[in-house]
Amino acid sequence: MNVRAIFIDMDGTLLKASNSISRRNMEAIFKLNNQGVKIFLATGRHYEVTAPYHKEIGLRTPMICLNGAAIHDAETGRVMQMKTVQLNEERFHQLTAESPCNVLIHTANGLYCKQTNEEIDYWTKVGKIPPRYIGDLRQANYQDVLKYSVRTDAPSPQISALFKNEAEVIDWNDGFELLAPNVSKWSAIQSLITEYKISPNEVVAIGDGPNDIEMLCHVGIGVAMGNASEKVKAAADFVTGHENEGLAEFIEHYLLKSNESYSI
């Protein structure tokens, strides 16, 4: 298989639990890049907390952010593509405002959240931009929503199912996310590989979460991390090691041409 592009998830794939890139992962990416393979990041994160890692690696490819709801230019950060989601806001807030869950609303103009937490504090530190609003979201004046994230601290398919007629739903172990219909990392990948004239069969994707399943299913080679759930692993062609260096393991064993084992 002639691999021309790889799309890499960030949390649990590229990054360690400490939100850093291991030296081995970095070196494997450098070698693959020098081999002429186009390397893209495809993440659920917003642009401001994606760009610093993109820069650290030295990539010049567009960034897929917010699970495909936004694609950003590498040099300027300009939004190349944006897909907004339209919900019945009154019903959404009725279901979430009085419950103990946290709600994060990612918009084209920044983050609005019900309450802050350690993750949001980290985003502020890395992205250098605090949330635009913290508090009762029924009182917030936001528009151009790209992603709703509802953190219930437990699987909540009964609640998320209520939105399946108006949004793309991603269920997580600690809640769910809502995107515009038919928006995913895979839909964004399709846009980019069309632009680059790359066939899906020439693409590798690697990830560990439910937001990665669709891209793992549709690219030439889908790779699940060892720390992924069984459902994610079932969608993949390969399962590699865990988050510390599983990415590097796959690149070294299957994609670097200097290795005798280069064969897919």
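Only heavy atoms go into these numbers, but all of them, side chains included; no hydrogens, no water, no symmetry mates. Note that the numbering runs from 1 along the sequence shown for the chain.
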Donor-acceptor contact present, side-chain Asn25 to main-chain Ala248, <3.5 Å =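 A pair under 3.5 Å: yes.
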For the side chain of His54 and the backbone of Thr50, is there at least one donor-acceptor N/O pair under 3.5 Å apart?
->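 Checking the backbone N and O of Thr50 against the side chain of His54, no donor-acceptor pair under 3.5 Å is found.
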Determine, step by step, whether Asp11 and Arg45 satisfy the side-chain contact (heavy atoms from CB on, under 4.5 Å) criterion, reporting the C-alpha distance in whole Å, the side-chain angles of both residues, the deciding distance to 0.1 Å, and the verdict.
-> CA-CA 9 Å; Asp11 295 281; Arg45 293 177 173 220; 2.7 Å; yes
Ring pair (Phe, Tyr, Trp, His ring centres under 6.0 Å) partners for His106, two or more places apart =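 Checked His106 against ring pair (Phe, Tyr, Trp, His ring centres under 6.0 Å); matches are His46, Trp123.
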Ring pair (Phe, Tyr, Trp, His ring centres under 6.0 Å) partners for Phe40, two or more places apart =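 So Phe40 forms a ring pair (Phe, Tyr, Trp, His ring centres under 6.0 Å) with Phe7, Tyr196.
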Given the rule in the side chain to side chain donor-acceptor pair (under 3.5 Å) test, do Ser160 and Asp171 qualify, once you have shown the distances and angles that lead to the verdict?
-> CA-CA 7 Å; Ser160 68; Asp171 285 306; 2.6 Å; yes
With sequence neighbours left out, what residues match Glu75 under salt bridge (charged side-chain N to carboxylate O under 4.0 Å, His left out)?
->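 Partners of Glu75 by the salt bridge (charged side-chain N to carboxylate O under 4.0 Å, His left out) criterion come out as none, since no residue qualifies.
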Salt bridge flag under 4.0 Å for residues Glu27 and Lys31 =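 Salt bridge flag = no for Lys31 with Glu27.
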Does the side chain of [X] come under 3.5 Å of the side chain of [Y] through a donor N or O and an acceptor N or O?
X	Y	result
Glu89	His93	yes
Asp73	Thr76	yes
Asn182	Ser187	no
Gln81	Ser191	yes

Provide the closest heavy-atom pair for Thr240 versus Gly246 in the form atom of the first, atom of the second, distance.
->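 What the structure gives for the nearest pair is OG1-O, 2.7 Å.
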Only distances under 3.5 Å count here; give the side-chain donor-acceptor pairs of residues 197-207 to other protein atoms, sequence neighbours excluded, each with its distance to 0.1 Å.
from   : atom 1 : to     : atom 2 : distance (Å)
Ser199 : OG     : Asn201 : N      : 3.1
Glu202 : OE1    : Arg4   : NH1    : 3.2
Glu202 : OE1    : Ser199 : N      : 2.9

Kindly write out the residues that satisfy side chain to side chain contact (heavy atoms under 4.5 Å, CB included) with Asn33, not counting sequence neighbours, or none if the list is empty.
->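 By the side chain to side chain contact (heavy atoms under 4.5 Å, CB included) rule, Asn33 matches Ile39.
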Could you pull out every donor-acceptor pair under 3.5 Å between side chains of residues 96-103 and any protein atom, sequence neighbours left out?
from   : atom 1 : to     : atom 2 : distance (Å)
Thr96  : OG1    : Phe92  : O      : 2.9
Glu98  : OE2    : Arg138 : NH1    : 3.2
Glu98  : OE2    : Arg138 : NH2    : 3.1
Ser99  : OG     : Thr96  : O      : 3.1
Asn102 : OD1    : Gln115 : N      : 3.0
Asn102 : ND2    : Gln115 : O      : 3.0

Output field: ring centroids Phe238/Tyr254 closer than 6.0 Å |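 For Phe238 and Tyr254, the ring centres are under 6.0 Å apart.
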To the nearest 0.5 Å, tell me how far Leu247 CG sits from Arg24 CZ.
->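 Leu247 CG to Arg24 CZ: 10.0 Å, rounded to 0.5 Å.
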